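Report on the following structure.
Just so it is clear, the structure is predicted and the values come from calculations on it, not from any experiment. Computed over heavy atoms, backbone and side chain alike; hydrogens, waters and symmetry mates excluded. Per chain, numbering begins at 1; letters A, B, ... match sequence-line order.
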Amino acid sequence: MFSGFCLYKRSSIVSRAFHVGKEFANLSTEDIVFRAVCVNLRQRKWKVLEQMTPSFTNSLVSRVVCEFRQSPKLALEFYTWVGQSRHFSHSLESSCAIIHLLVNMRKFDEALSIMGNLMLANSVSPLEFTERLLDSYEICDATPAVFDALVRACTQIGATEGAYEVIQKLKVNGLVSIHAWNNFLSHLLKLNEIVRFWKVYKEVVSCGYVENANSFNLLIYALSCQKMGVMSGDNVLPNSVTYNCIINGFCKIGRVAVAEEILNDMIKAGVDCNVRTYATLIDGYARGGSSEESLRLCDDMVERGLVPNTVVYNSIIHWFLAEGDMEGASLLLSDMIEKHVYPDQFTYSILTKGLCRNGYVTQAFKFHNQVVEKHIIEDAFSHNILINYLCKSNNLAGAKQLLSSMIVRGLIPDISTYGALIDGYCKEGNIESAVQLYENMIKRIGLLDVITYNTLINGYCISGKIAEAFALFDEMRSAGISVDKVSYNILINYLCKFGCFQQAKELTKVMILHGVVPDFITYTTLCTNFSKNCSPEEVIELHDDMVLNGVIPDRQTYKAIISPLLGKKSAEEHGFMDLSNHH
DNA sequence: ATAGGGTTAG
């Protein structure tokens with residue numbers, strides 16, 4: 001009887017297990033804990049989770065992080081929370097899972113800092129790191145960008161050989177992007193390892209990589225470091241003009257920090273830096289919106305015994321006004337006058353434009369008239385700015401009047417004056433007059449620039465004549481005028497407006513192929529139009545594509561369009577909307 | 001003598 005009872009009980013358990021199905025039959029303890037954690041994490045029952053921490057293993061935590069990769073915020077929260085538990089410390093395995101996640105979220109800084117820490121504090125070797133990231137690559141839905149981040153982390157902590165080993169290891173799998181190579185090349189330049197730079201550069205080319213703008217920038221910088229000395233057998237060394245050219249180049253592509261490093265190199269090399277060097281850098285920082293850095297350099301130059309001149313003041317005043325800082329600009333103007341730094345043609349046009357763009361139109365005209373009365377206007381700029389303003393505000397009559405007085409004052413209308421008027425006609429829908437003016441202009445000036453072409457292309461687009469617009473676009477090329485990003489931006493914008501989204505995307509590809517890098521305006525144009533007409537997935541894909549092609553997203557657009565899509569998407573998929581708001 | 005600042009496109 002007793003044995004019979006036992007037998008019965010046992011067989012009942014076995015048969016129940018069978019009934020529950022295969023699913024549970026092979027479950028390990030970890031699988032059970034894993035499911036329990038997922039259920040409770042989904043409901044954010046942290047207290048229940050707390051009780052489970054003694055059974056947490058590294059592989060379990062990695063699995064949970066991967067499982068929640070579509071809800072990256074929750075996964076990250078879990079990872080941080082579990083790291084604080086006294087029962088648990090993160091391993092390389094769980095760190096890899098969170099790194100993949102952070103890279104997918106584009107939180108590169110956070111990913112880099114975890115990577116750097118693991119290599120420095122936990123002495124994880126770059127190669128081992130690569131292997132573990134590869135192990136978890138598939139299950140974590142990772143992207144190759146994670147390896148760009150690893151190379152970057154290596155160079156950041158000074159592990160030059162490590163970075164190179166990582167690249168070599170990944171080369172076999174085709175997982176090394178041009179970004180990773182560029183980062184490594186740039187690191188070599190920072191170390192002044194010019195010979196090795198060229199060796200690695202050759203390797204990049206022989207691997208069949210297509211260099212992007214950044215690679216060429218590095219190349220130019222590398223050449224600039226040695227060029228002259230090598231070619232002349234050290235007989236000719238770079239002088240201040242050489243350095244200033246290079247500094248200007250880096251400022252104009254927005255890499256002002258690099259430009260300032262070159263200034264330091266210049267000082268180290270014993271080459272005198274002058275007012276032009278500082279004027280270039282000050283403009284570079286101001287252009288990039290770092291007015292504080294600009295002012296810091298002003299102090300630096302004064303400390304070096306250099307006196308800021310009109311160019312320096314003009315530059316800062318211009319960018320202050322562009323940012324809407326009227327007060328800062330007017331203080332600088334007073335300072336300029338007080339220090340007897342005399343305003344010039346540039347100053348007048350900067351102030352005229354600044355007053356207009358900040359809504360002080362009456363003052364702009366008043367100021368302009370004062371300057372004109374003193375007969376100190378020598379070029380067409382100020383007139384052009386005002387004619388432009390009038391055309392933009394549909395006051396074509398006023399624009400023509402100002403054109404007449406300009407001619408009376410002995411100033412010859414230039415390509416920009418015509419451009420503004422043509423633009424005015426186009427905006428008014430009077431494409432015939434626009435074309436007539438354009439033809440007259442060719443007779444008079446005999447040359448056309450890219451701006452005039454762009455204005456006309458834009459005019460054709462406004463009046464819906466897209467075929468004519470594209471014909472001009474082609475004509476431009478046959479006339480030997482290089483199509484610039486404005487030309488592309490205009491056409492991309494109108495393709496979107498006409499609902500040709502696929503074609504807009506194609507044209508962006510052509511643009512990139514022709515070496516014209518899309519900018520934040522291309523980005524904003526495409527994102528805005530796509531978000532109104534396409535699915536969230538398409539918009540996100542578009543964003544990703546552009547970023548991968550080196551476009552720097554416009555912050556406002558990203559915040560208004562992309563980031564809500566990402567948040568909403570992952571929240572909706574998992575029904576966390578309400579819960580996450582309460583947390 | 002060669003190097004720096006102002007007008008066009010969303």
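Considering only the side chain of Asn458(A), dA9(B) comes nearest among dG4(B), dA9(B), dA3(B). For Lys392(A), the listed nucleotide lying nearest its side chain is dT8(B); candidates were dG10(B), dG6(B), dT8(B). Picking from dG4(B), dT8(B), dA3(B) the nucleotide with the shortest atom distance to the side chain of Asn388(A) gives dT8(B). The side chain of Ile385(A) has dT7(B) as its nearest neighbour among dT7(B), dG10(B), dG4(B). Nearest to the side chain of Val486(A), among dT7(B), dG10(B), dT8(B), sits dT8(B). Among the nucleotides dG4(B), dT8(B), dT2(B), the one closest to the side chain of Val241(A) is dT2(B). Checking dG4(B), dT8(B), dG6(B) against every side-chain atom of Asn248(A), the shortest atom distance belongs to dG4(B).
Looking at Asn264(A) and Lys268(A), their side chains never bring a donor and an acceptor atom within 3.5 Å of each other. When only modelled atom types and interatomic distance are considered, Asp148(A) and Asn183(A) share no side-chain donor-acceptor pair under 3.5 Å. No side-chain donor-acceptor contact under 3.5 Å links Tyr243(A) and Asp265(A). His543(A) and Tyr523(A) share a side-chain donor-acceptor pair at under 3.5 Å. Donor-acceptor pairing under 3.5 Å is lacking for the side chains of Asn493(A) and Thr525(A).
Residue Asp414(A) contributes atom CG, which lies 12 Å from atom C1' of dG6(B) at whole-angstrom precision. Put simply, CG on Asn489(A) is 12 Å from C1' on dT8(B), counting in whole angstrom units. Rounding to whole angstrom units, CG of residue Leu402(A) and P of dT7(B) are separated by 17 Å. The distance from atom CG of Asp554(A) to atom P of dG10(B) is 14 Å, rounded to the nearest whole Å. If you measure from atom CG of Leu421(A) to atom P of dT8(B), you get 14 Å, rounded to the nearest angstrom. For the pair Lys252(A) NZ and dG6(B) C1', the interatomic distance rounds to 13 Å; values are reported in whole Å. Rounding to whole angstrom units, CG of residue Leu263(A) and C1' of dG4(B) are separated by 14 Å. As rounded to whole Å, 16 Å separates atom P of dA3(B) from atom CG of Asp283(A).
Under a 4.0 Å N-O distance rule, the pair Arg276(A)/Asp283(A) does not qualify as a salt bridge.
Among the atoms of the strands shown, base atoms are found under 4.0 Å from some heavy atom of Asp344(A).
Residue Asn489(A) forms a side-chain hydrogen bond (donor to acceptor under 3.5 Å, both in side chains) with just one option from Asp519(A), Asn458(A), Thr508(A), and that option is Asp519(A).
DNA chain B is contacted by Ser349(A), Ile350(A), Lys353(A) of residues 348-356 of chain A, taking any non-hydrogen atom closer than 4.0 Å.
Under the 30°/60° scheme for interplanar angles, the aromatic rings of Tyr488(A) and Phe473(A) are found to stand perpendicular.
For Asn309(A) against dG4(B), a side-chain-to-base donor-acceptor contact under 3.5 Å is present. Looking at Asn274(A), its side chain comes within 3.5 Å of the base of dA3(B) through a donor and an acceptor atom. A donor-acceptor contact under 3.5 Å is formed by the side chain of Thr524(A) with the base of dG10(B). With hydrogens and angles left out, the side chain of Asn384(A) and the base of dG6(B) share no donor-acceptor pair within 3.5 Å.
In terms of phosphate contacts, Arg287(A) brings a side-chain nitrogen or oxygen within less than 4.0 Å of OP1 or OP2 of dG6(B). The phosphate of dA9(B) (OP1 or OP2) has no side-chain N or O of Lys497(A) nearer than 4.0 angstrom.
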